[in-house]
Amino acid sequence: MRARDNPFRAERVEALGLRLSEGEWALIEARWQANHRRGAIVGPEGTGKTTLLDEWQRRLTRKGLPCFRRTLRRGESWWPARDVKAGTVLLLDGAEQLSGLAWWHLRWRCRRAAGVVVTSHRPGFLATLWEARTTPRLLADLVTELAGDADPEACVTLHGRHGGNLRLALRELYDGDGKSR
Amino acid sequence: MLTLHVPDVHRSVVPQDTVQGEATWWLDNTPRWVEVRLFWHTEGKGTTDVQVVQRQRFESPGAHETRPFSLTLPDCPYSFSGRLISLVWSVELVCSVAAEAAPRVDLVMSPSGREIRIDQRD
Amino acid sequence: MSVPANNSRGSRVVPGCFGLVFLLAGTFFFALISRDLLRTALSYHWTSVPAEVVASGVDEDATEKPYIAVVRFRYLWQGRWRESERLRPGGTRRFEALHKAQELVRQYPVGTRTAAHVNPAEPTEAVLERNSLWLGLALVLPLVFIGFGGVALAAALFPDRRRAPLSAGGLRRWTPGWLAVAGGVVLILGGSALFGQLFAPALAKTVAAQRWTPVRCTVLRSAVRESHDSDGSTYALTVLYSYRIAGREYRSDRVRFLPYSTSQYSSVRAEREQYPDGAAATCHVNPDDPDDVVLDRRPSAFLAVAVMPLLMVGGGLVLACRPWRRGPRRTRDGQVLLRPRTSRGLTALGLAGMALFWNGLTSVFAAEVVSGWMSGHGQVFLTLFLAPFVLIGLGMLWACWGAIWKLGAPRLELAADRASVRLGGRLPARWDLRGRPGIRRVRLRLVGLERATYTRGTDSITDERVFHERVLTDVTGDFRQGAVEIAVPHDTMHTFEAPHNQVRWSVVVTLAGDGPATIEEGYEIIVEPHPC
């Protein structure tokens with residue numbers, strides 16, 4: 001199968017929408033406002049934190065709020081945050097990469113930011129706004145959306161094999177020539 | 001509304017060939033700029049890479065117009081598809097005011113005019 | 001999908017500031033060292049006159065550096081005898097350790113006749129030794145700082161906006177340049193200086209001391225000396241002891257050849273308890289020089305850190321000895337030498353560096369833990385905490401050993417008229433086996449590979465897939481050379497490079513000998529598109 005025909009190719013996976021209801025969104029935003037517009041999306045790898053952050057950025061942009069988005073790569077333990085201006089909302093992906101000193105420096109630099117939302121593998125950075133979790137049912141829904149159908153039992157096995165990491169589960173399906181086993 | 005028309009004869013091209021077509025836009029306001037872009041992008045298992053190779057900007061665009069365009073392809077990279085990567089050539093139409101998705105026409109560029117297939121091992 | 005407009009982000013301010021800091025620091029130190037070098041050079045124009053040592057010994061007072069090396073000599077200047085106590089311009093006479101003062105004094109016993117160097121402009125200024133002009137080598141480091149800082153500042157002030165297209169026609173190639181050579185020279189000089197100053201004397205003494213004579217000695221005074229700096233407090237053992245050789249009493253305070261301090265007060269205190277005041281102990285005396293003595297002649301675990309400067313020298317040699325070239329390496333008859341994608345030397349050096357850095361650090365703590373258990377003060381938590389680090393270090397050493405073994409293994413040299421071939425084209429090539437004999441099978445395959453990297457969030461995963469593989473040659477026997485024709489299919493994909501997606505071609509060489517180990521290396525070739 002050609003890469004461009006594979007239903008599990010990267011562009012399609014990244015275009016998957018977030019499975020959050022408007023009620024859940026309202027709850028997240030209410031928590032954010034209650035915590036002086038500071039908060040964290042927490043969860044293991046491959047559970048949709050970056051996708052949630054993407055959606056949050058779209059919502060903020062629609063409301064006319066300037067955003068600054070930054071993704072920290074593995075091992076990037078220091079970020080000076082000089083580009084974060086007052087009145088901007090900082091969306092930081094991968095806050096767990098920062099060292100303790102770097103995190104406190106970042107908080108100080110962002111004291112005049114209009115808001116801060118970070119993603120992290122573990123709690124403790126800011127108030128937890130949402131704990132990202134996945135289920136075999138969610139995996140089956142995503143596979144159905146991408147490939148048209150899904151084997152529920154296979155999704156349970158796949159979900160367990162990758163410890164709930166949907167990114168790895170979908171990448172395994174890519175290698176199966178697009179078959180939703 | 002934005003539309004792009006590229007005749008079939010220009011959708012399978014060889015390197016250094018010319019892609020010709022028509023760009024049509026119908027907008028509520030006069031745009032500051034309207035542009036046709038020739039680019040390639042990858043699809044597949046890896047993160048998408050994109051490179052714009054050529055642009056043609058229409059001078060003093062009106063709110064409703066149809067204009068021809070002509071873009072010249074380079075000698076590489078060819079359109080190809082493997083199991084992990086596909087490289088696709090495209091032409092798209094963008095302007096300063098439209099909020100809708102930019103219309104896009106995919107092309108195939110290779111010496112044979114057909115996509116190079118490397119998805120089967122040889 | 002809408003293609004984002006080109007936008008180059010990033011500030012030039014930060015790199016420019018870094019460059020300015022390096023430039024200013026380099027200039028400052030260059031000026032300082034140049035001043036000292038000039039003074040040293042001038043002293044070589046002083047007048048040499050006969051001199052005789054009239055007093056030589058070690059005095060002691062109650063200051064922080066209590067031991068004073070006193071060498072008084074008289075010299076003849078314009079018919080008059082004068083006296084001086086200066087050994088060298090700017091040199092120190094005060095020492096914290098007795099044995100260091102003794103080492104200096106030993107070089108000039110009373111009655112020694114030598115030459116003194118007198119400043120003709122100020123005849124009261126006379127010295128026995130002059131500072132070395134090798135100080136000039138220290139200018140290399142600030143020059144590198146100035147070079148690096150200047151380049152960074154220039155790049156920030158005058159950026160080059162050209163960018164090569166990301167296709168087969170615009171592949172970027174990095175070739176070592178003057179920066180690599182300069183960096184290599186700095187590493188060689190720095191590593192040599194560090195090793196020569198800090199470790200080589202201690203290593204040599206440790207080896208020699210294994211044949212020294214054990215002598216009974218008496219501990220006069222032992223203490224745990226505390227030092228403070230910005231990182232906290234460190235502790236070191238000091239022991240002053242006396243011993244007798246041929247009826248004469250000697251004193252020394254050298255405990256080991258490579259003294260060190262540690263933040264573990266308990267371990268130093270435990271060691272001090274082995275040397276209480278007034279206790280009898282055994283020291284080891286150089287049979288050729290009774291002043292040369294040590295209390296503990298065992299090799300210090302800290303000597304393991306000595307490999308760090310050796311690695312610097314090795315890395316510097318690799319960097320500096322690679323020829324600076326604008327194009328590919330060529331054989332004598334002008335053919336292009338295809339190169340493996342990964343260098344065996346750099347791989348071994350990298351693995352060795354990592355292994356030795358890791359093990360060098362963990363060995364310091366491991367030595368403390370072991371000595372703690374041996375002295376009955378073992379710490380269970382520290383032992384368990386350190387165990388995984390030690391295991392990782394052992395794994396690194398194993399990998400390093402494999403890479404080093406590969407260094408000495410035979411290698412295949414692959415040469416062709418050029419390093420690229422067009423789609424549908426044929427490239428004749430020649431291969432030669434270099435190195436020791438023992439290879440029984442040589443196999444060359446042309447391999448085409450697609451490579452895709454997915455980056456999302458903090459993670460990055462790369463997948464590879466072979467889409468083309470063809471055996472070019474497969475010979476068994478005692479062959480040392482041969483010829484192949486690299487034929488690329490007509491209807492396949494040329495070499496393609498983008499940040500996350502690539503199509504690469506290489507000639508994969510497999511060498512097998514009598515044993516189970518095989519060596520496999522890939523030699524990159526560029527497959528170009530058809531000519532238009």
Side-chain angles (χ1 to χ4, degrees), chain B residues 2 14-17 33 35-53 55 73-88 90-96 98-104 106 109-112 114-122, chain C residues 1-7 163-171 422-424 446-457 459-471 487-505 526-532:
Chain B
L2 302 170
V14 298
Q16 299 194 349
D17 219 355
W33 52 267
E35 189 174 88
V36 172
R37 295 174 183 168
L38 174 66
F39 67 98
W40 59 258
H41 70 277
T42 61
E43 295 179 13
K45 204 170 183 186
T47 300
T48 299
D49 289 315
V50 182
Q51 177 150 13
V52 175
V53 170
R55 305 164 194 265
L73 286 140
D75 54 1
C76 65
Y78 299 161
S79 300
F80 77 94
S81 272
R83 289 249 187 104
L84 301 182
I85 311 167
S86 284
L87 188 143
V88 180
S90 304
V91 177
E92 73 172 2
L93 178 65
V94 291
C95 76
S96 58
E100 64 192 68
R104 189 179 96 188
D106 290 343
M109 185 193 81
S110 77
S112 62
R114 293 188 302 274
E115 184 185 51
I116 307 289
R117 296 285 297 260
I118 58 171
D119 53 315
Q120 301 298 327
R121 185 160 167 158
D122 54 54
Chain C
M1 182 189 80
S2 169
V3 176
N6 283 343
N7 58 349
R163 184 173 297 183
L166 293 169
S167 62
L171 286 167
R422 292 218 179 263
L423 283 170
L446 176 66
V447 173
L449 186 82
E450 41 172 349
R451 195 165 183 273
T453 300
Y454 181 68
T455 303
R456 179 77 168 168
D459 296 326
S460 200
I461 313 169
T462 298
D463 285 85
E464 292 181 342
R465 181 193 152 257
V466 172
F467 64 87
H468 176 90
E469 186 172 355
R470 181 174 301 177
V471 175
V488 178
H490 187 272
D491 55 350
T492 188
M493 182 58 188
H494 55 75
T495 299
F496 169 72
E497 288 278 340
H500 298 93
N501 299 275
Q502 300 94 30
V503 171
R504 291 177 178 167
W505 289 85
I526 306 298
V527 173
E528 293 174 339
H530 293 286
C532 293

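Because only heavy atoms are used, hydrogens play no part in the values below, and waters and symmetry mates are left out as well, while side chains stay in. Since the structure is predicted, the reported quantities are computational estimates derived from the model, not experimental observations.
Residue contact with chain B, scored on non-hydrogen atoms closer than 4.5 Å, involves the backbone and the side chain of Thr455(C) alike. For Leu87(B), the part sitting under 4.5 Å from any heavy atom of chain C is the side chain, from C-beta outward, and nothing else. Using a 4.5 Å cut-off between heavy atoms, Ile461(C) makes no contact with chain B at all. The part of Arg451(C) that comes within reach of chain B is its backbone (N, CA, C, O), which places non-hydrogen atoms under 4.5 angstrom from that chain. Contacts between Asp491(C) and chain B at a heavy-atom distance below 4.5 Å involve the backbone alone (N, CA, C, O). Phe80(B) touches chain C through its side chain: at least one heavy atom from C-beta onward sits under 4.5 Å away, while N, CA, C and O do not.
Highest contact tally toward chain C, considering only Ile85(B), Ile116(B), Asp49(B), Val14(B), is held by Asp49(B) [criterion: heavy-atom pairs under 4.5 Å].
Glu92(B) places no side-chain N or O within 3.5 Å of a backbone atom of Ala102(B) that could act as its donor or acceptor partner. Checking side-chain atoms of Arg104(B) against main-chain N and O of Val91(B) turns up no donor-acceptor pair under 3.5 Å. One N or O on the side chain of Thr495(C) and one on the backbone of Val527(C) form a donor-acceptor pair closer than 3.5 Å.
The ring of His530(C) has its center no closer than 6.0 angstrom to the ring center of His494(C).
Note: Trp505(C) and His468(C) have tilted aromatic rings, judged against thresholds of 30 and 60 degrees for the angle between ring planes.
Among Asp17(B), Asp75(B), Val88(B), Leu73(B), the single residue meeting the side chain to side chain contact (heavy atoms under 4.5 Å, CB included) criterion with Met109(B) is Leu73(B).
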